[in-house]
2 protein chains.
Amino acid sequence: MELKRAAEGEKGFEKVFAFLRERLLAGSLKPGDRLISERELATQLGVSRPIVREALRALTVLGIVEIRDRIGTVVTRPDVSVLNDFFTFALAQQADMLDDVMQARVAIECQAIRLACERANITDFERLQRALAKIGETIDEADAGGMADFDFHRAIVVASHSETLTVLHSSMAGLLTHSHRSRRELVQAFPSMKTYLIDDHRRIFEAVIARDPERADATLREHFAIGDEYRRRALVGDMDKTSASR
Amino acid sequence: MELKRAAEGEKGFEKVFAFLRERLLAGSLKPGDRLISERELATQLGVSRPIVREALRALTVLGIVEIRDRIGTVVTRPDVSVLNDFFTFALAQQADMLDDVMQARVAIECQAIRLACERANITDFERLQRALAKIGETIDEADAGGMADFDFHRAIVVASHSETLTVLHSSMAGLLTHSHRSRRELVQAFPSMKTYLIDDHRRIFEAVIARDPERADATLREHFAIGDEYRRRALVGDMDKTSASR
DNA sequence: TTATCATACTGGTCTGACCAAGATCAGACC
DNA sequence: GGTCTGATCTTGGTCAGACCAGTATGATAA
């Protein structure tokens, strides 16, 4: 049996993990399915229950499985939180990764906006419009403004109708929420940012409405670049009130 | 004790996990550090050793920690394999995610090539050139050709000097290796693909050498689009020998 | 001083047990 | 007959102690 074979070489934890992985990858274990009990799994694989628990716990943190107290273990649909956890840990140990993550976010979002131009429906447009309006309303508030900014960008990714892009984006956006907020705090220092924030987002919105991927992508990239420019100026203490070059 | 406090609310596994997470995120546990022994951890937290092992195993699959047999548990630098595992599982249960992952890969790679135009050094150029040469040499071999193709694209991402992009790309590229290979199998059906494969990669290479982000991005996107077109034709059985429209 | 070896440690695993609470089904009650 | 109740089985959650097999270290012998 190919299933048995895979579980023969390894021992202990690896054995159980490989056994379950195989079934999960092969599709014989689908989301919603309930696994056999830990004890039964242990006897079937010839290992002890603690070992089985290790494997189940491993699958749990990977978001593949959910252990329900006194109910059983069920297969779940993989979700975002895993990536979130990973990035959180990874970032904590490599602070310089933040700029890197930002690059990845730009990558995801620019691709997403291209897809959004093709796939977005009325609902998506409306969500974008609401987010856009919110940005205008909350332009003077750091917290609410940052949230509105975040929502707009998330709406773009959602409009791409790509699960993977959405997952990746949200896992990274979580780490960058403070960046949205801190950007808004710059508004006090740079009054020109108000028009930048409002106009840029509007132009992005319009490009999506026009279903013009190239223009949308370019506008979005420009938007990020200008944001970087503002942050750079703030860092070097260049507090003059002229707007960033466009 | 603030350390104790964080571990008070939860019980068992959560307790240990939270305890370790706190130290990991706070930075008091850095990559390279060796954790105290499982037994000691168990007594300090008032739990049994199997529970400690669950937590350590959880951190292991998250790539945060490495358990070395008879040596101890050490903190590691998070690496790719986690995302790889996750995507592998996720993909298995949502096959329609494959196209989605491809989109994410395009996103990463297009961003990477832009960065590569700015950051690539001589070493990167040389690696790209070698990969390009390899593509020409192995143009008639499905396996080696697919590998060469893969290497070229990976070289682009490496040249971006962005850890995060590299991590994301390699985790997704792993799932798409067969796509490289299957593309090469199309070469038999579409002789025009030979020039497509060679010329496209050369043009991409030249754009990076020229340090022209816009052109590089556009060329790369075009490259992907044409690849899609070939695959589409193969699906519908359109086996005519004309080259894909450019 | 050096080389060898005993010992204390480490992770890896097993056994068997207890607890608390959901799931189930038999039996009692209406 | 139908519904309700409660004993029992099963499930995850956990613990305690034990054994194995190598590693690391230090003490002892050369």
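Chain naming here is simple, since letters A, B, ... match the order of the sequence lines and numbering starts at 1 in each.
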Can a donor-acceptor pair be found between the side chains of Q111(B) and R105(A) at a distance below 3.5 Å?
no
Find the distance [X]:[atom1] to [N]:[atom2] and express it as a whole number of Å.
{"X": "I36(B)", "N": "dC9(C)", "atom1": "CD1", "atom2": "C1'", "result": "14 Å"}
{"X": "I51(A)", "N": "dT14(D)", "atom1": "CD1", "atom2": "P", "result": "16 Å"}
{"X": "I67(B)", "N": "dG22(D)", "atom1": "CD1", "atom2": "P", "result": "18 Å"}
{"X": "K15(A)", "N": "dC14(C)", "atom1": "NZ", "atom2": "P", "result": "8 Å"}
{"X": "E38(B)", "N": "dG11(C)", "atom1": "CD", "atom2": "P", "result": "5 Å"}
{"X": "E54(B)", "N": "dG12(D)", "atom1": "CD", "atom2": "P", "result": "12 Å"}

Sidechain-backbone polar pair: [X] side chain, [Y] backbone, donor-acceptor under 3.5 Å:
{"X": "S37(B)", "Y": "E40(B)", "answer": "yes"}
{"X": "S160(A)", "Y": "T166(A)", "answer": "no"}
{"X": "D100(B)", "Y": "E163(A)", "answer": "yes"}

Does CZ in R34(B) sit with more than 12 non-hydrogen atoms of other residues, nucleotides or ligands closer than 6.0 Å?
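At most 12 heavy atoms, drawn from other residues, nucleotides or ligands, come within 6.0 Å of this atom.
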I'd like to know whether CZ of R77(A) has more than 12 heavy-atom contacts from other residues, nucleotides or ligands below 6.0 angstrom.
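Count not over threshold, so no.
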By the Watson-Crick or G-U definition, both distances under 3.5 Å, dC30(C) is matched with dG1(D)
Would you sort out whether H161(A) and D124(A) count as a side chain to side chain contact (heavy atoms under 4.5 Å, CB included), showing the intermediate values?
CA-CA 10 Å; H161(A) 292 268; D124(A) 297 318; 2.6 Å; yes
Looking at D217(B) and R221(B), does any basic side-chain N land under 4.0 Å from a carboxylate oxygen?
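The answer is yes: the pair qualifies as a salt bridge.
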Taking only the side-chain nitrogens and oxygens of S37(B), find out if one of them lies under 4.0 Å from OP1 or OP2 of dT10(C).
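So the side-chain polar atoms of S37(B) do come within 4.0 Å of the phosphate oxygens OP1 or OP2 of dT10(C), strictly under.
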Can you tell me if the side-chain N/O atoms of T73(B) get under 4.0 Å from OP1 or OP2 in dT10(C)?
no
When you compare the side chain of H153(A) with that of L220(A), does any pair of heavy atoms fall below 4.5 Å?
yes
Please list residues of residues 55-63 of chain A whose heavy atoms come under 4.0 Å from any atom in DNA chain D, ordered by number; otherwise none.
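R57(A) - these, ordered by number, are the residues of the stretch whose heavy atoms sit under 4.0 Å from the strand.
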Give me, pair by pair, the N or O atoms of the protein and of nucleotides 16-25 of chain C that are less than 3.5 Å apart, along with how far apart they are.
from	atom 1	to	atom 2	distance (Å)
dA21(C)	O4'	R70(A)	NE	3.3
dA21(C)	O4'	R70(A)	NH1	3.4

Per nearest nucleotide of DNA chain D, the residue lying toward the 5' end, L35(A) or G46(B), is L35(A)
